[in-house]
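Please read the structure below before turning to the comments.
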Amino acid sequence: PYFDIPFQHISDKILKSMKRYSDSQKIKDFIKNLKAQLPECFLRTNLIIWFPWETDEDFDMLKNFVKENEFDNISIFQFHDEKFADSFNILPKVDEKTINQRFVEIKKIVDDKIKISKKRLEWKEILWYIENIYQNRKWETKLVVRPEICAPEMDFTHNIDLEQILDTFGKDEIDIWDKIIYQS
């Protein structure tokens, strides 16, 4: 099972400003229940950072939320003013220096989470899709493969040597979108 749920933020103040229909406790309870019922599910979310009024405390809540939950992929989006959106008139805006610092901080946490998600797949025999076939500078044939549970163009992929799967694939030719069983 694959879930792509745009939680956006975890601060109740920010969620209310975004006119979200949930609060932090409901979000945390939802994730806890989802993982209890489907422990092997793939959970992807989107976060918006530096929404107007986002304080250091709000941002710390967001960082802790990411650290404390088992996400498999997270997209980070920067708040952008839209002229006709209600948020356009919300002041004060977060300054550029703070935006850059926060992005670097949250990006490191998100990258660490994605590494953990990839690591959970190691040594498991799972179904992969071949997304691309190419030759590197040494003329070695490489495959870009994506776990079946991951969405194309959104989630992570792996680069592997053709030789790693050729003996077990059972075909003379392989092509993009072929399915392979591969143990990373």
Side-chain angles (χ1 to χ4, degrees), residues 1-121 126-129 131 144 146-158:
Y2 182 99
F3 297 91
D4 186 352
I5 306 168
F7 293 119
Q8 307 290 324
H9 214 285
I10 198 63
S11 161
D12 287 330
K13 177 186 81 179
I14 299 298
L15 290 168
K16 187 175 180 180
S17 296
M18 290 177 173
K19 297 187 177 180
R20 303 296 288 179
Y21 297 105
S22 197
D23 62 32
S24 60
Q25 193 58 53
K26 287 179 186 170
I27 291 170
K28 291 173 185 177
D29 290 345
F30 176 82
I31 293 171
K32 182 179 175 184
N33 290 332
L34 179 67
K35 288 295 185 173
Q37 296 295 317
L38 300 164
E40 295 294 318
C41 75
F42 191 95
L43 180 57
R44 180 181 192 282
T45 193
N46 303 320
L47 303 174
I48 296 178
I49 54 177
W50 52 84
F51 194 81
W53 296 340
E54 184 185 66
T55 64
D56 289 340
E57 182 182 354
D58 297 319
F59 186 65
D60 286 343
M61 283 183 223
L62 187 62
K63 290 188 307 188
N64 289 331
F65 173 67
V66 172
K67 288 177 187 177
E68 293 166 2
N69 288 281
E70 197 174 296
F71 293 107
D72 296 291
N73 199 356
I74 302 168
S75 293
I76 306 167
F77 293 95
Q78 175 183 355
F79 168 79
H80 291 283
D81 267 334
E82 297 291 333
K83 191 172 184 176
F84 298 106
D86 291 345
S87 58
F88 186 78
N89 296 317
I90 297 176
L91 296 172
K93 307 290 186 199
V94 178
D95 66 90
E96 195 70 31
K97 181 180 177 187
T98 303
I99 287 170
N100 292 332
Q101 289 173 331
R102 288 181 183 173
F103 182 80
V104 168
E105 282 181 61
I106 196 87
K107 179 82 170 98
K108 180 175 179 352
I109 296 167
V110 165
D111 288 348
D112 289 345
K113 278 294 183 179
I114 293 170
K115 282 180 192 173
I116 291 168
S117 178
K118 285 181 175 182
K119 200 155 193 67
R120 281 195 299 269
L121 295 177
I126 57 175
L127 186 64
W128 298 73
Y129 289 98
E131 288 198 344
V144 177
R146 175 183 48 83
E148 178 186 38
I149 191 73
C150 295
E153 298 179 9
M154 296 174 95
D155 298 322
F156 56 82
T157 58
H158 285 283

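Ring geometry for F42 against Y2 counts as parallel: the plane angle stays under 30°, on a 0 to 90° scale with 60° as the upper cut.
Taking CZ of R20 as the reference point, atom CG of D12 lies at 13.0 Å (rounded to 0.5 Å). With values rounded to the nearest 0.5 angstrom, D56 atom CG is found 7.0 Å from T98 atom OG1. Expressed to the nearest 0.5 Å, how far CD1 of I10 lies from NZ of K28 amounts to 5.5 Å.
The shortest distance between side-chain heavy atoms of F59 and I49 falls below 4.5 Å. With contacts defined as side-chain heavy-atom distances shorter than 4.5 Å, the pair T45/F3 does not qualify. Proximity of L38 to L34: side-chain heavy atoms (C-beta onward) are separated by under 4.5 Å at one or more points. By the 4.5 Å heavy-atom criterion applied to side chains, E131 and T157 are counted as neighbours. Within the 4.5 Å cutoff, the side chain of I109 has heavy atoms near those of the K67 side chain. Within the 4.5 Å cutoff, side-chain heavy atoms of K63 are placed close to those of D60. Using a 4.5 Å heavy-atom cutoff, the side chains of D112 and K108 are in contact. Looking at N46 and D4, their side chains come closer than 4.5 Å, going by heavy atoms from C-beta outward.
Looking at R102 and E54, a side-chain N of the basic residue comes within less than 4.0 Å of a carboxylate O on the acidic one, giving a salt bridge. Under 4.0 Å is where a charged nitrogen must lie from a carboxylate oxygen, and between R44 and D72 no such pair does. In this structure, R146 does not pair ionically with D155, as no charged nitrogen and carboxylate oxygen lie closer than 4.0 Å. Under the 4.0 Å criterion applied to side-chain N and carboxylate O atoms, D29 and K32 are not assigned as salt-bridge partners. A salt bridge between D111 and K115 is absent, with no side-chain N of the basic residue lying under 4.0 Å from a carboxylate O of the acidic one.
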Kindly indicate, with the supporting measurements, whether the criterion side-chain contact (heavy atoms from CB on, under 4.5 Å) is fulfilled by K35 and C41. CA-CA 7 Å; K35 288 295 185 173; C41 75; 3.8 Å; yes
Report the C-alpha distance between E70 and I116 in whole Å, list the side-chain angles of each, state the deciding distance to 0.1 Å, and finish with yes or no for side-chain contact (heavy atoms from CB on, under 4.5 Å). CA-CA 9 Å; E70 197 174 296; I116 291 168; over 6 Å; no
Residue pair D23, I27: steps toward the side-chain contact (heavy atoms from CB on, under 4.5 Å) verdict: CA-CA 6 Å; D23 62 32; I27 291 170; over 6 Å; no
Please determine whether side-chain contact (heavy atoms from CB on, under 4.5 Å) holds for the pair K107 and V104, giving the CA-CA distance in whole Å, both sets of side-chain angles, and the decisive distance to 0.1 Å. CA-CA 5 Å; K107 179 82 170 98; V104 168; 5.8 Å; no
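Between I114 and I74, the shortest heavy-atom contact is CD1-N, 4.4 Å. Scanning both residues, L15 and S24, for their nearest heavy atoms gives CD1-N, 3.9 Å. When all heavy atoms of M18 and Q8 are compared, the pair lying nearest together is SD-CB, 3.7 Å. Nearest heavy atoms, H9 versus D58: CE1-O, 3.5 Å.
For F71, the ring pair (Phe, Tyr, Trp, His ring centres under 6.0 Å) test picks out F65, with sequence neighbours left out. For N33, there are no side chain to side chain donor-acceptor pair (under 3.5 Å) partners at least two apart in sequence or on another chain.
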